[in-house]
Amino acid sequence: MDEPITPTSPIRLLLHGANGRMGQALLRLAAEQPDTFTLVGAVSRKVGQRVIDGVPQFASSELTAAPECDVVVDFSLPEAFDGVLAYCVEHGRALVSGTTGISDTQRAALDAAGQRIPVLWASNFSLGVAVLADLVERAARALPGWDVDIVEQHHVRKLDAPSGTALTLGDAAGQGGAIPRYASLRAGDIVGEHTVQFATLGERIELTHRATSRDIFARGALHAAAWLARRPPARYRIGDLLG
Ligand SMILES: NC(=O)C1=CN([C@@H]2O[C@H](COP(=O)(O)OP(=O)(O)OC[C@H]3O[C@@H](n4cnc5c(N)ncnc54)[C@H](OP(=O)(O)O)[C@@H]3O)[C@@H](O)[C@H]2O)C=CC1
Ligand SMILES: O=C(O)C1=N[C@H](C(=O)O)C[C@H](O)C1
């Protein structure tokens with residue numbers, strides 16, 4: 001039987017996508033907060049079962065062999081997403097996911113999972129982007145008929161386009177009545193940049209967010225994990241977390 005969770009016991013965290021760029025940032029930052037988190041496992045596609053720096057490693061095909069946890073944090077790829085979501089629903093684990101490029105069917109599965117487990121998915125866990133989305137909606141509402149274009153730039157290894165954040169900003173513009181267009185650039189090691197441009201004859205507004213470190217996303221996701229771990233089942237949004 002699970003140990004009772006008290007506010008003083010660390011949250012048992014299972015990391016899915018641990019070998020990746022985000023996974024490595026999450027491992028480092030979670031390990032720096034031993035009073036808040038106990039890392040019970042790190043899951044990636046290629047590893048077998050072994051222990052690195054005190055953290056048991058599991059291949060995604062062995063997910064069910066991972067120890068019990070209070071929350072799973074997932075930053076992987078769309079092809080890995082169904083497996084981790086099914087695991088969380090079946091085993092009653094809370095899920096924080098930042099995996100982008102997921103399909104409409106996968107989004108619907110997230111909604112359905114909210115009936116059974118606490119689940120929070122966000123395309124971007126930085127505070128700055130949450131504020132930007134709010135600004136974009138207000139600007140779109142205040143500027144009817146203006147052209148709205150969203151330009152996103154990321155590192156060359158990013159697979160999905162437009163980025164999840166660009167689509168979220170597009171939704172915000174849509175809430176304000178705009179029909180946005182998207183442009184994507186892949187260059188060098190850019191962590192993540194998003195510009196929303198509002199243009200009409202004779203004038204132009206640009207709202208830009210630049211991420212220079214993945215730690216902002218990892219910190220936001222860990223904050224979300226600590227918040228979500230002890231909540232009742234529901235499909236939560238980042239706005240619920242930020243109030
Ligand atoms: N919401 C947010 O704030 C942010 C979201 N992201 C998103 O997070 C995701 C990860 O980004 P990033 O870390 O840069 O990507 P990486 O490619 O560096 O890492 C992906 C990870 O997923 C694992 N993986 C891939 N396929 C499978 C599979 N079939 N089963 C299990 N695990 C698998 C990889 O394992 P292995 O290495 O063994 O192949 C790796 O650990 C992306 O979708 C990205 O867009 C990124 C930054 C911020
Ligand atoms: O893949 C990335 O790197 C990022 N992905 C997220 C997205 O698709 O918006 C968030 C951030 O921009 C970095």
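Note that these values count all heavy atoms, side chains included, but never hydrogens, waters or copies made by symmetry. Throughout, residue positions are numbered sequentially from 1 according to the sequence presented. Counting starts at 1 for both ligands and their atoms, following the listed order.
Among all protein heavy atoms, the one lying closest to atom 9 (O) of ligand 2 is Thr165 OG1, 2.5 Å.
Every atom of ligand 2 is numbered from 1 in the order shown, and the set under 4.0 Å from a heavy atom of Asp160 is 8 (O). Ligand-side atoms of ligand 2 in range of Gly164: 7 (C), 8 (O), 9 (O), range being under 4.0 angstrom from any heavy atom. Heavy-atom contacts of Leu77 reach the following atoms of ligand 1: 25 (C), 26 (N) (cutoff under 4.0 Å). Shown in contact with His154 at under 4.0 Å from a heavy atom are these atoms of ligand 2, numbered in order with element: 2 (C), 3 (O), 4 (C), 11 (C), 12 (O), 13 (C).
Nearest to atom 4 (C) of ligand 1 by heavy-atom distance, out of Phe125, Trp121, Phe75, Phe81, is Phe75. For atom 19 (O) of ligand 1, the choice among Ala80, Gly101, Gly20 with the nearest heavy atom turns out to be Gly20. Checking Ala122, Ser126, Ser123 against atom 10 (C) of ligand 2, the nearest heavy atom belongs to Ser123. Selection from Ser60, Ala25, Gly17, Ala122 by nearest heavy atom to atom 31 (C) of ligand 1 gives Ser60. Of the options Lys158, His155, Arg214, His194, the smallest heavy-atom separation from atom 3 (O) of ligand 2 is shown by His155. Closest to atom 20 (C) of ligand 1 by heavy atom, among Gly98, Ser76, Gly220, is Ser76.
Looking at Asp215 and Arg28, a side-chain N of the basic residue comes within less than 4.0 Å of a carboxylate O on the acidic one, giving a salt bridge. For the pair Asp111 and Arg107, the salt-bridge criterion is not met [side-chain N within less than 4.0 Å of a carboxylate O].
Taking only nitrogen or oxygen atoms, main chain and side chain alike, Arg45 reaches within less than 3.5 Å of ligand 1. Considering backbone and side-chain atoms together, Thr99 places no N or O closer than 3.5 Å to any N or O of ligand 1. For the pair His16 and ligand 1, the shortest N or O to N or O distance does not fall below 3.5 Å. Residue Arg214 has no nitrogen or oxygen atom sitting less than 3.5 Å from a nitrogen or oxygen atom of ligand 1, judged on distance alone.
Not close to ligand 2: Leu159, with no non-hydrogen atom less than 4.0 angstrom away.
Close placement of the Trp227 and Tyr236 rings is indicated, their centers lying within 6.0 Å of each other.
Residue contacts with ligand 2 for Val191 involve N, CA, C or O but no side-chain atom from C-beta outward (heavy atoms, distance under 4.0 Å).
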